[in-house]
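As a basis for the values below, the full set of heavy atoms in this structure was taken, side chains included, without hydrogen atoms, waters or symmetry mates. Order of the sequence lines sets the chain letters (A, B, ...), proteins ahead of strands, with each chain counted from 1.
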Amino acid sequence: MVPRIPRAYPTLSAGKGSLQGPYGVRPYAYTPDGRPRAVALWTRAAGAFPHFRSTCMAHPVETVRHSLSHVMAEAVVKLYPGTKVAIGPAIADGFYYDFQLPAPLQPEDLPAIEKEMRRIIAANAAFKRVEVSKAEALKIFADEPFKVELIEGLEDGSISIYEQGSFRDLCRGPHVDSTRDLRPDSFKLRSIAGAYWRGDEKRPMLTRIYAYAFSSKAELEAHLKMLEEAEKRDNRKLGKELDLFSTHEEAGPGLIYWHPKGARFRVELENWWRDEHYKNGYELLFTPHIGKSWLWETSGHLGFYKEGMYPPMEMDGDKYYAKPMNCPFHILIYKNGVHSYRDLPLRWGELGTVYRYERAGALHGLMRVRGFTQDDAHIICTPEQIEDEIAEVLRFSLAMWKTLGFNEIKAYLATKPKDSVGEQERWDTALESLRKAVAKENLPYEMDEGGGAFYGPKIDLKVKDAIGREWQMTTIQFDFNEPERFDMTYVDADGQKKRPYMVHRALLGSIERFFGVYIESTAGAFPVWLSPEQVAVIPVGLDFADYAKDVAAELKREGFRASAMLSDDRMNAKIRNAQGQKVPYMLVVGAKERDEGTVSIRLRDGRQLEPMALAGFKDYLRDKIARKSLEL
RNA sequence: GCCCUUGUAGCUCAGUUGGCAGAGCACAUCCAUGGUAAGGAUGAGGUCAACGGUUCGAUUCCGUUCGAGGGCUCCA
């Protein structure tokens, strides 16, 4: 019953390196002895022009990454005697290895490890696979407590060891044949991080070294370049530079302050959101920010989600909680009266601000916050209506993403987990309606078997941003829990009380997080309809300040966001400033423009339009805004 | 919360084995009247995150606290 707001990071990959590998995951297979089969002879990365250098192409990149992790482990063990090794898998963009080190490692130590790795690679050591019994394995790794623990969990007869150079590791494989198959220029050690042994915070904290690794130097460089681009677009950086928002640790971390320019964006976005909802059959609600504890007991939040909630405040002997979700309030409105099947479906939306406790270390700019506004809605309908309703909400969502300029969208369909509530029949109809809706929209999708919440199946949509990263935004979730717990009913044609279906959906997800993603995808260069400042009027010299003022005033009168730049900076500096602020249109005016009543137009990307009459420019601007044009 | 890194002017950062605190941008004043990405001069601006310790002396060394950044999902 807790529709999870999309995580801060794209879920296929994470964190700062949150860029999905540009080529996705490649299918490959292994022969029984653990060698890659011929299917993986070349990578899609190499496309139609595979290198015929078999040594670098004979192994899938996952194998290369994993083998590199062994090489890194060898280097670390050699450089830091006494190191205990844990695990070192291949991951989305590279690999990591977890160690227990005799002394803390500094980032400055990484180059030395890299150097040692290159030496090992150059030494051309073969990877040898040996099968051993459990008893033998325990003996061999007697000095490695983490390996011992792993071995204890394994079945006898299935244990293999890989050895290269001076390093021996418990490993399922497969590996490349020899370190010569690894390219010294296609990996880079990335960072040092703490990680609990087996992800359990009660177990020892190990030191994890992350690395990027690819099949070729070109791919590594492309990846590093994308990371660099991502860093330039970082929402925290642009938020400061463009004066969009701030956070105030002294007043509470993870809470967003929207400055005038950010607020202008938000108001335009929300106005559009409301219009679209009214046009598409929704009614909008406003509900309180806090409610008594019985609400959250009934909904189940206090049972399942308490650690995600802000602690209660006491008032008149009652406990009030800040809402982590809007649904119980919407349900109260529903239950305020008796509903006939003729009233359904109800589509009730709210830009509802919720508060959730996120661990301090998880907070991140606009992406992961403690207070945020969901563009939430609940659809309450009869079983007969559910299929159409799901198809409709999906269509609506895709239309909104299209307007916002996101065209690459992928669906993830999550089905019933082991522990769940609700009758099987409901799960079946629900899943069927999700499946049909996705098919109707021709959306590429992946199944996530058993990945649904216990209270119902769902579709999540991931959108791809301008630099190829995927972000989970929209979520459409069935809820078989709350209608039951709150005893929601409607009266059917036969006069019987029946249980309605309820669907939670958030299209943009959270307004804060959407803003973050949008800032990063557009690099702060918003389309004109969302730009906080649409027009900067720049006089060539202060002699023309009056004309500049007149032009700006006339634009403002008609509702455009325009201002004249009248400081004593030179024109060049004003252009530079306006461009740096990503103002879409700069109107440069001097004697010629004043005398002819025209404006000379410079776009923020440096292009220039033919000078036009002010009236003509207004029409031009009006049209771009009305169409929500993505082009200037 | 835990691991590593980090905290100096509004912003971005420098600060050399401990000796009166620095730059660029932004801001203010003055000069400069200009045609598509930075004109010039002057000035103001800091209890060097906070607290404690070592020292004749701490922004600098040590400790604690608070905040920020990267991680803590990928399972031999």
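Using a 4.0 Å heavy-atom criterion, one finds that A:Glu144 contacts no nucleic acid atom at all. Across all strands, A:Pro539 comes closer than 4.0 Å to no nucleic acid atom at all (heavy-atom distances). Counting non-hydrogen atoms under 4.0 angstrom, A:Ile161 reaches nothing in the nucleic acid. Among the atoms of the strands shown, none is found under 4.0 Å from any heavy atom of A:Ile151. A:Met205 comes within 4.0 angstrom of a nucleotide base, judged by non-hydrogen atoms across all strands. Note on A:Ala591: a base of the nucleic acid sits closer than 4.0 angstrom, heavy atoms only. If you check every strand for non-hydrogen atoms under 4.0 Å, A:Asn572 touches sugar and phosphate atoms only. Counting non-hydrogen atoms under 4.0 angstrom, A:Ala193 reaches a base of the nucleic acid. Contact annotation for A:Asp568: base contact, defined as any heavy-atom pair under 4.0 Å involving a base atom.
Taking atom C1' in both B:rA76 and B:rG15, the straight-line distance is 49 Å, to the nearest Å. For B:rA38 and B:rU6, the P atoms lie 36 Å apart once the distance is rounded to whole Å. Using C1' as the reference atom, B:rA26 and B:rC61 are 35 Å apart when rounded to the nearest Å. Across the P atoms, B:rC13 and B:rG69 are found 14 Å apart, a figure rounded to whole Å. Nucleotides B:rC20 and B:rC30, compared at atom P, are 36 Å apart to the nearest Å. B:rA21 and B:rC48: their P atoms are spaced 9 Å apart (whole Å). Taking atom C1' in both B:rG46 and B:rC3, one finds a spacing of 33 Å when rounded to whole Å. Rounded to a whole angstrom, the distance from the P atom of B:rG57 to that of B:rU65 is 26 Å.
Between A:His175 and A:Tyr162, the distance separating the two ring centers is shorter than 6.0 angstrom. In this structure, A:Tyr97 has its ring center no closer than 6.0 Å to that of A:Phe95. Taking the six-membered ring for Trp, A:Trp258 and A:Phe265 have ring centres at least 6.0 Å apart.
Summarising the geometry, the separation between CZ on A:Arg368 and P on B:rG69 is reported as 14 Å, rounded to the nearest angstrom. Residue A:Asp243 contributes atom CG, which lies 13 Å from atom P of B:rC27 at whole-angstrom precision. The separation between A:Lys237 atom NZ and B:rG70 atom P is 14 Å, rounded to whole Å. Distance, A:Asn577 CG to B:rA37 C1': 9 Å, rounded to whole Å. Distance, A:Leu110 CG to B:rG70 C1': 12 Å, rounded to whole Å. Rounded to whole angstrom, the span from the CZ atom of A:Arg570 across to the P atom of B:rA37 amounts to 11 Å. Rounded to an integer number of Å, the gap from A:Phe544 CZ to B:rU33 P is 13 Å. At whole-Å resolution of the value, CE in A:Met586 and P in B:rA37 are 10 Å apart.
When distances run from any side-chain atom of A:Ala195 to the nucleotides B:rG35, B:rU36, B:rC72, the shortest one goes to B:rC72. Distances were taken from every side-chain heavy atom of A:Lys240 (C-beta onward) to each of B:rA38, B:rU12, B:rA76; the shortest belongs to B:rU12. Between B:rA76, B:rG70, B:rC72, one nucleotide has an atom nearer to the side chain of A:His364 than all others, and that is B:rG70. For A:Leu542, whose side chain is taken as the heavy atoms from C-beta onward, the closest listed nucleotide among B:rC3, B:rC75, B:rU33 is B:rU33. Of all nucleotides listed (B:rC72, B:rG35, B:rA76), B:rA76 comes nearest to the side chain of A:Arg172. Minimum atom distance to the side chain of A:Lys592 is reached by B:rG35, of the listed B:rA76, B:rG35, B:rU33. When distances are taken from the side chain of A:Tyr196 to each of B:rG39, B:rC72, B:rG35, the shortest belongs to B:rC72.
Contact annotation: side chain of A:Gln608 to base of B:rG35, donor-acceptor pair absent below 3.5 Å. No donor-acceptor contact under 3.5 Å links the side chain of A:Ser191 to the base of B:rU5. Within 3.5 Å, no donor on the side chain of A:Arg236 pairs with an acceptor on the base of B:rA68, nor the reverse.
A cation-pi arrangement is present between A:Arg65 and A:Phe214 under the rule of less than 6.0 angstrom and at most 45 degrees off the ring axis. Judged by the 6.0 Å distance and 45° axis criteria, A:Lys618 is not positioned over the aromatic ring of A:Phe560. At least one cation-pi condition fails for A:Arg594 and A:Phe544: the charged atom is not both under 6.0 angstrom from the six-membered ring centre and inside a 45 degree cone around its axis. Annotation: cation-pi pair A:Arg190/A:Tyr210 present, NZ/CZ under 6.0 Å from the ring centroid and within 45° of its normal.
A:Glu512 pairs in a side-chain contact (heavy atoms from CB on, under 4.5 Å) with only one of the listed residues (A:Ile256, A:Asn235, A:Leu255), which is A:Ile256.
Residue A:Arg602 places at least one side-chain N or O under 4.0 Å from the OP1 or OP2 atom of B:rA37. For B:rC72, one of the phosphate oxygens OP1 or OP2 lies less than 4.0 angstrom from a side-chain nitrogen or oxygen of A:Tyr210.
A side-chain donor-acceptor contact under 3.5 Å links A:Lys134 to the backbone of A:Glu152.
In terms of position along RNA chain B, the nucleotide closest to A:Val540 lies nearer the 5' end than the nucleotide closest to the other residue of the pair A:Gly365 and A:Val540.
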| task | Decide salt bridge (Lys or Arg N to Asp or Glu O under 4.0 Å) for A:Glu533 and A:Lys261; before the verdict, give the C-alpha distance in whole Å, the side-chain angles of both, and the deciding distance to 0.1 Å. | result | CA-CA 8 Å; A:Glu533 284 280 319; A:Lys261 287 182 183 173; 5.8 Å; no
| task | Applying salt bridge (Lys or Arg N to Asp or Glu O under 4.0 Å), run through A:Arg233 and A:Glu229 and close with a yes or a no. | result | CA-CA 6 Å; A:Arg233 293 159 174 256; A:Glu229 185 57 37; 2.7 Å; yes
| field | Strand RNA chain B as a dot-bracket string - pairs counted if Watson-Crick or G-U with both distances under 3.5 Å, | where the partner lies in another strand | value | (((((((..((((.....[..)))).(((((.......))))).....(((((..]....))))))))))))....
